[in-house]
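Following: one structure in structure tokens, then a few remarks.
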Number of protein chains: 2
Amino acid sequence: MSRERVTVIDIANAAGVSKSTVSLVLQGSSLVNKTTRAKVNAAMRELGYVYNRGAANLRQANAKSKIVGMVVNDLTNSFFAELAVGIDSVMQSAGYVQFLANTGENIDRQREVIASMREHGISGLIISPARGTEAADFAALANAGIPVVMAVRNVPGARVSSLTSDNHAGAAASVAHLAKLGHRRIAFLGGFPDTAVFTERFMGYRDALIDAGLDFDADLAIGAAPSRAGGVEAIERAMRLAVPPTAAVCFNDAVAFGVCDGLRSRKIEPGAEFAVVGFDDVIEAKTAVPALTTVSVDPQGMGRRTAQLLLKQINSGAAEPEALVKSVRLVVRQSCGTGIQGGVR
Amino acid sequence: MSRERVTVIDIANAAGVSKSTVSLVLQGSSLVNKTTRAKVNAAMRELGYVYNRGAANLRQANAKSKIVGMVVNDLTNSFFAELAVGIDSVMQSAGYVQFLANTGENIDRQREVIASMREHGISGLIISPARGTEAADFAALANAGIPVVMAVRNVPGARVSSLTSDNHAGAAASVAHLAKLGHRRIAFLGGFPDTAVFTERFMGYRDALIDAGLDFDADLAIGAAPSRAGGVEAIERAMRLAVPPTAAVCFNDAVAFGVCDGLRSRKIEPGAEFAVVGFDDVIEAKTAVPALTTVSVDPQGMGRRTAQLLLKQINSGAAEPEALVKSVRLVVRQSCGTGIQGGVR
DNA sequence: CTGTTAGCGCATTCAA
DNA sequence: TTGAATGCGCTAACAG
């Protein structure tokens, strides 16, 4: 039954009052009589009235729409899924609804969805930009006074807020941790030097080596796919060196898993005989490999902070002040869980 | 610079035409002169005009809003994240934008977000309902002629479309597979009998045993948490039986991992000496354990089909016909990947 | 406390 | 081919 839309005027008639009285009731105004209010509410319930935010928003001069956009480069990556959940959590509490779009690193799609979201009246945007995103992609938004905050990834020239994790510090902390355990040959395994994230982590590793009074040996930095297979490959190459490492900082946890696989196939027990540290990118909180030290970023917490930052910008009206926030919770810990919590469908 | 909103009238003035001419250009009408069209387009570009879909939609009598809602019980579970990506993919292609909300199994939140989405004018809803969802939760939507399709989970009494996977057939296929390999003592490990999914899989297991001419032995059905730890626990109990099993159907892949862990700690090689089959719920496509047979549901494909179903319902106008679709791709395969693809931030 | 009037940005008649 | 008028559902002034 595609019922006709029930409008304020319908319920006004039903309640025997005028539209504006109904409007006042809707806004919870105290200027309306209790009994009148009750009658109006009753009518709304009976007729199945639903508030039309689109119309309301249209009327207000330059109101904020209680809608935000959220575009993610890869929701398939559970890091971003967790990020989305964190964002969603605070947005819901703040009475917002969010558009979600997955770009899959496709920049044309990204442009389309941003344009589409604008037409739909978002009052803010959180974006983890696809590779190749340019500062110009945010010009229109910024120009229209719509706050944008970038999460996880950053686009150099863009004059918008951003919230990224401190990759440099994380890698440095990992090295310091291993150095303190007595390791002197520490490898950096996995990843390709074509991303900002890689560069940051690698530089952190490099700088920390020097800080710890250790030499930087280029042979110990072995690039490989940021996957489990890549980790296997990298550790194989590493162990074939004349003087193999005794510990490794891995580009991410997938690589770290692969490194553990490779070590085990050589009858070396990871953790005990060979120390492995990995960034919690892929599997993060849900999984933990015993005796594997991880650098954790808490994607949900990052999402919440991102959302809060956007809300602040929206409310402050002046979206001008582009706060370039950096760093989030990032701890080196010894994990000991049994891994892979049971998600249930 | 919180610029004033640029409206059709602004660009009409700039182009030296009337508002309705602009409107015609916006709709790509062929009733407008080429040069005029060019002038209008130029003006739009210069002034940075953005189409206001809210207003446009308000004007039309009972237009469909090109917005759909999507509420998920747990986006943290990568099965649902993949599902969301599949849905997003076809919705984007169809020119829709989608609201996303994560309920975290909280039914009050679910009611709130559904109400909120209605107020924002969704023209359809895809929902993987939180536990405890009642048929009545969809009454308002259905009454307003807004199509709803449930994904993955089903709510018995609800008169809305749904798309669920064929759990019974999957479990049965697993048993048949193991029986053909010569196994006669096949266990069902993990999960708790408080969910429909468990019941369906368990019944599939049970029915298939009988079909294969094997006895159903209640001792071989061992409940445990649907997690890796649960899998360890279940296989421990199973192997302590007087006549232990030689193969197992696991409630999900997390359990299967745990079972493999448990077997290895007993120096039994999973796959070779003991056959393990698990549903791909948690880690699905991204991970694969060598020599572990999995029953795969392809969440993205399921998402795409779900979205298509919703679009069909939206376009058919009459949302009445609640098609109770069932079953999606579900194959028994021998996986052999290295597992955990490298997601990159 | 409640009703009247006007208009948000747009699309759709109807004339010109 | 284009301009003038009308209304979608709602809020914002004012009057009463």
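Order of the sequence lines sets the chain letters (A, B, ...), proteins ahead of strands, with each chain counted from 1.
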Taking only side-chain N and O atoms of A/S18, does any of them lie within less than 4.0 angstrom of OP1 or OP2 on C/dG3?
yes
Counting only side-chain nitrogens and oxygens, does B/T21 get under 4.0 Å of the OP1 or OP2 atom of D/dG3?
yes
Evaluate the criterion side-chain contact (heavy atoms from CB on, under 4.5 Å) for residue pair B/T76 and A/Q300; output intermediate values, then yes/no.
CA-CA 10 Å; B/T76 274; A/Q300 279 200 35; 3.7 Å; yes
Length of the line joining [X]:[atom1] and [N]:[atom2], which is rounded to integer Å:
X	N	atom1	atom2	result
A/L58	C/dG9	CG	C1'	5 Å
A/R5	D/dC10	CZ	C1'	11 Å
B/R53	C/dA11	CZ	P	10 Å
A/K66	D/dC10	NZ	P	18 Å
B/K39	D/dT2	NZ	C1'	12 Å
A/M44	D/dG9	CE	P	17 Å
B/N52	C/dC10	CG	P	5 Å

What salt bridge (charged side-chain N to carboxylate O under 4.0 Å, His left out) pairs are there with at least one residue in residues 107-116 of chain B, not counting sequence neighbours?
B/D108-B/R111, B/R111-B/D137
Can you list every salt bridge (charged side-chain N to carboxylate O under 4.0 Å, His left out) pair that touches residues 83-100 of chain B, not counting sequence neighbours?
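Residue pairs passing salt bridge (charged side-chain N to carboxylate O under 4.0 Å, His left out), neighbours aside: none found.
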By ring-ring contact (aromatic ring centres under 6.0 Å, His included) - contacts of A/Y49 (at least two apart):
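By the ring-ring contact (aromatic ring centres under 6.0 Å, His included) rule, A/Y49 matches no residue at all.
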Output field dot_bracket for DNA chain D (Watson-Crick or G-U, both distances under 3.5 Å, | for other-strand pairs) contains |||||||||||.||||
Just grab all the ring pair (Phe, Tyr, Trp, His ring centres under 6.0 Å) pairs involving residues 108-145 of chain B, residues at least two apart or on different chains.
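Applying ring pair (Phe, Tyr, Trp, His ring centres under 6.0 Å) to every pair that reaches into residues 108-145 of chain B, excluding sequence neighbours, yields B/F99-B/H120.
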Considering only atom P, compute the distance from D/dT6 to C/dT5 and round it to an integer number of Å.
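These two P atoms come out 16 Å apart once rounded.
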Report the residues that fulfil side-chain contact (heavy atoms from CB on, under 4.5 Å) with A/S89, sequence neighbours left out, ordered by chain and then residue number.
A/R304
What residues form a salt bridge (charged side-chain N to carboxylate O under 4.0 Å, His left out) with A/E119, not counting sequence neighbours?
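Counting only residues at least two positions away or on another chain, A/E119 forms a salt bridge (charged side-chain N to carboxylate O under 4.0 Å, His left out) with B/R53.
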Nearest to side-chain heavy atoms of B/V17, which nucleotide of C/dC10, C/dG3, D/dG3
D/dG3
Compare all side-chain heavy atoms of B/T133 with those of B/M150 and state whether any distance is below 4.5 angstrom.
no
Contact pattern, 5' to 3', of nucleotides 11-16 of chain D - B, S or - by protein heavy atom under 4.0 Å
BB----
Partners meeting side-chain hydrogen bond (donor to acceptor under 3.5 Å, both in side chains) with B/N102 (sequence neighbours left out):
none
Taking for each residue the nucleotide of DNA chain D bearing the nearest heavy atom, is the 5' side occupied by B/A55 or by B/T36?
B/T36
